Protein chains: 4
Amino acid sequence: MRVGVLTGGGDCPGLNAVIRAVVRKGVQEYGHEFTGFRDGWRGLLDGRSVRLDIPAVRGILPRGGTILGSSRTNPLKEEDGVARIRQTLAEQRIEALITIGGEDTLGVAARLCADHAVRCVGVPKTIDNDLSATDYTFGFDTAVNIATEAIDRLHTTAESHMRVLVVEVMGRHAGWIALHSGLAGGANVILIPEQRFDVDQVCAWVNSRFRASYAPIVVVAEGAMPKDGDLVLKDGSLDSFGHVRLSGVGEWLSKEIERRTGNEARTTVLGHVQRGGTPSAFDRWLATRFGLHAVDAVHEGDFGTMVALRGTDIVRVPLAQATARLKTVNPELYAEVGVFFG
Amino acid sequence: MRVGVLTGGGDCPGLNAVIRAVVRKGVQEYGHEFTGFRDGWRGLLDGRSVRLDIPAVRGILPRGGTILGSSRTNPLKEEDGVARIRQTLAEQRIEALITIGGEDTLGVAARLCADHAVRCVGVPKTIDNDLSATDYTFGFDTAVNIATEAIDRLHTTAESHMRVLVVEVMGRHAGWIALHSGLAGGANVILIPEQRFDVDQVCAWVNSRFRASYAPIVVVAEGAMPKDGDLVLKDGSLDSFGHVRLSGVGEWLSKEIERRTGNEARTTVLGHVQRGGTPSAFDRWLATRFGLHAVDAVHEGDFGTMVALRGTDIVRVPLAQATARLKTVNPELYAEVGVFFG
Amino acid sequence: MRVGVLTGGGDCPGLNAVIRAVVRKGVQEYGHEFTGFRDGWRGLLDGRSVRLDIPAVRGILPRGGTILGSSRTNPLKEEDGVARIRQTLAEQRIEALITIGGEDTLGVAARLCADHAVRCVGVPKTIDNDLSATDYTFGFDTAVNIATEAIDRLHTTAESHMRVLVVEVMGRHAGWIALHSGLAGGANVILIPEQRFDVDQVCAWVNSRFRASYAPIVVVAEGAMPKDGDLVLKDGSLDSFGHVRLSGVGEWLSKEIERRTGNEARTTVLGHVQRGGTPSAFDRWLATRFGLHAVDAVHEGDFGTMVALRGTDIVRVPLAQATARLKTVNPELYAEVGVFFG
Amino acid sequence: MRVGVLTGGGDCPGLNAVIRAVVRKGVQEYGHEFTGFRDGWRGLLDGRSVRLDIPAVRGILPRGGTILGSSRTNPLKEEDGVARIRQTLAEQRIEALITIGGEDTLGVAARLCADHAVRCVGVPKTIDNDLSATDYTFGFDTAVNIATEAIDRLHTTAESHMRVLVVEVMGRHAGWIALHSGLAGGANVILIPEQRFDVDQVCAWVNSRFRASYAPIVVVAEGAMPKDGDLVLKDGSLDSFGHVRLSGVGEWLSKEIERRTGNEARTTVLGHVQRGGTPSAFDRWLATRFGLHAVDAVHEGDFGTMVALRGTDIVRVPLAQATARLKTVNPELYAEVGVFFG
């Protein structure tokens with residue numbers, strides 16, 4: 001069988017581990033042949049591909065990013081997108097596709113599979129961990145470790161100087177990275193997109209921490225928003241979502257805390273550092289097992305499915321589930337970690 | 001309520017995170033008071049304890065080891081052990097115990113709870129991940145990351161020189177660390193205690209790897225054993241389990257591979273490096289949540305239970321389950337990773 | 001002999017290693033007694049101190065920050081500052097001071113020693129490495145390693161996506177951290193405070209890198225400034241040094257590159273992460289040897305001196321040299337690394 | 001000008017950084033062309049080479065090992081070795097050679113240059129830091145950091161359990177790695193090849209440490225030897241240098257300490273882990289600058305020289321100096337760190 005592989009969306013540690021596992025097992029155990037499409041759906045539209053044999057995937061396990069490149073191209077929004085994809089598949093005699101990506105990439109795969117008879121198996125990927133169909137996505141553990149290590153380092157300053165330390169981490173729509181790294185790093189405040197924050201409450205936690213003679217560490221997800229947009233607007237420092245983006249919520253919050261509490265604040269913005277570099281052992285394990293099971297699904301002809309983690313097992317769920325619902329931090333869990341605030 | 005806390009068995013990254021979470025939540029939310037017993041059951045026998053209030057647990061989250069000390073003392077094997085424990089509890093007016101430990105420690109807790117009305121809640125701990133009642137134990141992820149990083153480094157030499165590189169990792173009875181780190185590190189052979197290995201098969205994998213112009217990396221759990229004890233005995237290099245221990249199975253295997261294949265082999269023995277240092281973010285998250293839920297169980301009077309991980313949830317299971325069955329690597333899972341051998 | 005120890009200025013990995021070495025050698029070899037003053041010169045003004053014996057310095061070698069605390073207090077600017085210091089020294093019968101700090105702290109020590117007969121030995125400390133009297137200061141190597149690791153991670157994204165990645169690192173007046181981490185991390189542009197940068201030249205390098213199909217990584221020291229303030233002013237985004245600080249030069253430069261090249265840019269601001277956490281092995285070695293030699297200088301009565309690194313030797317130089325001249329990146333060295341730009 | 005490049009001897013983090021710097025500067029600034037010979041002198045004997053242009057050296061800066069491969073081949077001991085080298089150089093019209101290696105590789109280069117008119121510039125490389133002509137060699141700082149991190153982790157166990165922890169690090173003839181990592185890691189005993197050790201003295205330090213209620217950490221260089229070979233011989237466990245190698249001096253010493261003190265001991269043998277993986281920032285800086293200056297020397301026709309570090313400067317010294325004298329730890333320096341033993 002000839003099988004295509006593509007990676008879509010933002011980069012994420014573990015993509016290469018999936019590709020390697022797919023090819024190793026598919027070639028060795030099933031005798032399949034693999035073609036990698038360049039830059040996500042873009043390569044399938046344009047017919048740009050590379051051969052994926054065992055030498056091609058050697059040494060890529062510990063490498064971040066994706067050897068296939070990626071893009072945010074949505075072929076369903078391109079003129080003749082579906083036709084061009086079907087043509088590429090026909091020309092290259094590709095019988096099945098393994099699509100590795102997030103909500104967008106898998107949503108396209110689900111549509112192609114359901115409506116256009118393109119035989120797809122999905123592998124879920126998002127550094128934000130916000131796909132509801134799986135316990136965890138790979139890349140997330142790596143990002144959390146990087147953010148936690150940064151918070152660990154800030155504690156040194158927190159013990160020696162009386163400054164507020166604000167760390168902005170990834171998470172536009174879900175606060176998983178902030179929650180896990182903030183808890184693991186022993187942060188004194190954790191702010192997530194799921195719940196608008198009250199700057200005065202943040203300042204109260206900050207002051208309470210200072211009273212214990214330690215400097216406070218505030219972890220804020222990039223998508224977290226203050227409760228009262230109006231109040232903020234009056235300062236001239238935030239008039240819209242776009243304006244916050246100008247300097248980021250972390251920088252904005254530092255200024256607000258300085259203004260309201262009179263304490264100096266310093267900001268760290270980790271940015272893409274969180275999604276780069278070598279995957280953690282957990283992410284390599286998860287990504288590899290996803291790859292092994294995805295190729296099993298292809299081999300068994302179980303299309304329209306996606307691999308997912310349930311406990312310690314890899315299971316298959318319908319592809320449509322991948323995009324059914326954003327997995328956000330529920331209020332109970334957020335409350336559970338609130339015992340460490342202040 | 002006055003609650004005692006103790007840590008037993010070998011050290012394991014995350015113990016301090018459990019203690020901190022127990023105290024933070026117990027004091028702040030429930031108003032309990034906490035006493036830490038020194039050196040596991042030993043401190044309970046001898047009445048040696050320290051007060052655990054919030055300042056006492058400050059800053060311990062990222063620190064490996066246990067601020068309470070540990071021991072392998074089994075009070076059920078000490079003269080008047082149960083009576084002495086009951087006396088200490090009475091004198092210090094301790095109404096419940098949170099016992100953090102592995103099979104041995106939790107086995108004692110189960111017995112004390114069932115037979116002697118000592119009110120216990122357990123928190124499972126083993127770096128080897130071999131407790132069947134929980135998806136994962138804390139400490140394991142840290143150990144796997146350390147071993148994986150070591151294997152990553154060996155690949156550099158494997159690419160530049162033609163040497164066999166043998167890494168001995170922890171795991172006396174279960175091969176979880178070898179399996180996870182070997183997979184994550186891209187090892188060419190993984191040997192676990194669950195399945196006796198055939199040295200000739202190992203040499204065949206080694207030679208097959210050399211033919212691809214890369215040097216092989218062999219990961220071996222400290223408890224892995226060769227298939228044919230007799231064969232080995234004849235070499236004069238292994239006459240009993242004890243003799244293998246003299247130099248360790250890693251060193252022994254290196255010599256055998258050198259002898260049988262004619263290739264140079266080098267050994268790395270990570271030893272206690274795997275169980276030390278700061279816990280990974282995952283282990284801190286898991287240990288902290290175990291602590292939060294253990295104190296909930298105490299507060300609700302749900303004794304004779306143990307906290308456990310199921311998927312992403314913390315649940316309670318009977319303490320007796322902790323020791324019911326060693327969780328070993330099952331043959332299907334071991335076969336799954338076999339695609340990467342050679 | 002009774003000897004006082006203090007740490008002044010910003011925190012810096014290695015301070016504790018100096019303190020430990022001073023105490024270990026001073027107590028064991030010379031039988032001296034040590035007193036640590038809290039929060040730099042502030043503790044000496046207020047008579048706040050702690051006893052420093054061998055148990056007090058146990059386990060502090062790998063810990064960032066300073067167990068003594070620090071401050072930026074300049075006693076020469078305090079009312080009766082010198083008199084209060086002399087009084088504290090007399091009351092506590094302190095015969096000599098080991099002062100660990102940067103330009104400010106050591107400048108005060110030099111003055112006290114020269115003008116007021118306070119017997120001082122200095123240990124140079126600055127994470128920025130900008131003291132001319134010594135080859136390196138401790139803390140610098142740690143900061144460079146942290147920044148380099150962050151740049152390494154960004155390469156993953158640089159290989160998979162076509163975005164400009166801007167990293168702002170420490171260095172208000174000297175570009176050593178930017179230069180070393182930029183070189184070690186393989187950055188495509190390095191901007192330092194010593195030489196005002198031309199945004200158009202930066203954009204030219206960025207575009208040249210894109211033409212090689214890789215995304216550019218730009219490392220900018222926090223104190224780097226664009227050449228043409230006026231041009232910038234017209235954008236309304238930079239009207240003074242203070243205004244750049246609002247969002248930092250990194251964020252500002254990202255916006256400018258986006259505006260001028262049309263490419264997306266992402267910013268990482270490492271902030272205090274660079275000065276926290278455990279010191280690198282080199283910094284522990286250097287800080288420890290500085291401590292050992294500082295206590296030798298005290299023992300030999302060689303006051304008014306400062307320890308310094310020359311090659312692999314620790315030497316003594318006059319304290320006044322510490323503040324004589326800021327050690328900045330010279331144009332030849334900056335030109336040497338220019339071969340890697342673009 | 002056509003310039004050849006080769007790497008000889010054991011692998012060492014930073015080799016690729018040298019190659020990259022040589023090619024980047026040589027091509028961009030001087031317009032030279034570069035040829036890399038495979039597997040050290042072996043490739044020059046056999047005429048196996050690859051073209052080294054700028055794309056060929058892209059992305060190699062952070063990678064350990066050497067893209068050219070290495071060997072221990074000594075062409076002066078091969079039949080017609082010199083003639084074959086001269087023939088390869090003539091056929092490929094190579095006018096100069098940059099030889100990157102240790103004592104052996106540079107010794108050959110010195111001879112070829114002096115006696116056979118092969119125009120060579122040397123770059124010193126040894127992970128053991130035992131070349132007297134340069135303050136430091138690249139690779140050493142990386143190895144010391146890895147060993148120090150391992151020792152750091154062992155402290156966790158040392159604080160929780162009463163076990164002796166023995167770490168064997170690299171260093172056959174010189175104790176630099178043991179000395180630096182032992183000091184940086186806060187070891188209680190450091191044993192180096194330069195000075196035979198007295199096992200009873202080691203046991204005395206071990207016991208003294210136990211009395212302070214901490215477990216001792218013993219760092220031993222692989223080439224360290226006990227004082228009294230005879231005593232050891234009687235145990236049947238060490239009859240010659242070769243026999244120690246059977247299990248390594250670390251394992252041997254653990255057994256001896258157990259036997260003599262009655263305390264349990266555990267061994268860690270880091271092995272090739274120390275020479276693998278990505279170079280530290282310092283090593284990348286040093287290796288890159290060595291490369292830049294080596295290509296300058298070639299360009300200026302300054303053959304028979306080697307680049308070297310003096311303080312913060314890169315200088316040139318005669319190639320013959322590289323092999324003049326092994327740089328070992330002098331007794332004064334070893335005595336300086338002795339204050340931390342026990």
Side-chain angles (χ1 to χ4, degrees), chain B residues 7 9-13 15-16 39 63-72 142-143 146-147 149-163 165-168 213 215 217 237 245-248 250-252 254-255 265-279, chain D residues 7 9-13 15-16 39 63-72 142-143 146-147 149-163 165-168 213 215 217 237 245-248 250-252 254-255 265-279:
Chain B
T7 54
D11 65 332
C12 185
L15 289 168
N16 285 326
D39 302 332
R63 285 171 51 196
T66 160
I67 57 166
L68 294 177
S70 185
S71 73
R72 299 197 182 273
T142 304
I146 294 169
E149 195 186 312
I151 300 168
D152 278 358
R153 291 190 179 278
L154 294 178
H155 277 286
T156 300
T157 293
E159 284 164 16
S160 309
H161 296 270
M162 287 298 106
R163 276 173 186 163
L165 298 161
V166 175
V167 194
E168 182 185 307
S213 282
I217 295 178
S237 48
R245 289 306 103 188
L246 177 68
S247 64
E251 193 62 36
W252 178 84
S254 285
K255 301 294 171 211
R266 290 286 180 277
T267 317
T268 290
V269 181
L270 289 175
H272 275 52
V273 167
Q274 292 160 92
R275 65 193 322 146
T278 193
Chain D
T7 54
D11 64 331
C12 184
L15 289 169
N16 286 326
D39 303 331
R63 287 171 51 196
T66 161
I67 57 166
L68 294 177
S70 185
S71 73
R72 298 197 183 274
T142 304
I146 293 169
E149 196 187 311
I151 300 169
D152 277 359
R153 292 190 177 279
L154 295 177
H155 277 286
T156 301
T157 293
E159 285 164 15
S160 309
H161 295 271
M162 289 297 105
R163 275 172 188 163
L165 298 160
V166 175
V167 194
E168 183 185 306
S213 283
I217 295 178
S237 48
R245 289 305 104 189
L246 177 68
S247 64
E251 193 63 35
W252 178 84
S254 286
K255 301 295 172 210
R266 291 285 182 276
T267 318
T268 289
V269 181
L270 289 175
H272 275 51
V273 166
Q274 292 160 91
R275 64 192 326 145
T278 192

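Each chain gets a letter, A, B and so on, in the order the sequences are listed, and its residues count up from 1. Just so it is clear, the values below take in all heavy atoms, side chains as well, and ignore hydrogens, waters and symmetry mates. Keep in mind that this is a model prediction, so the values were computed, not measured.
Looking at D/Arg153, its side chain never comes within 3.5 Å of a backbone N or O of B/Val273 through a donor-acceptor pair. A donor-acceptor pair under 3.5 Å is absent between the side-chain atoms of D/Thr156 and the main chain of B/Gly65, judged by distance alone.
Contacts with chain B were tallied for D/Thr278, D/Leu270, D/Asp152; D/Leu270 has the most, counting heavy-atom pairs under 4.5 Å.
Rounding to the nearest 0.5 Å places CG of D/Asp11 at 8.0 Å from CZ of B/Arg163. Interatomic distance, B/Leu154 CG to D/Gln274 CD, rounded to the nearest 0.5 Å: 10.5 Å. Interatomic distance, D/Ile146 CD1 to B/Glu149 CD, rounded to the nearest 0.5 Å: 8.0 Å.
Interface residue B/Thr66: backbone and side-chain heavy atoms are both found under 4.5 Å from chain D. Both the backbone and the side chain of D/Ser70 come within contact range of chain B, each with at least one heavy atom under 4.5 Å from a heavy atom of that chain.
Across every non-hydrogen atom of D/Thr268 and B/His272, the tightest pair is OG1-N, 4.0 Å.
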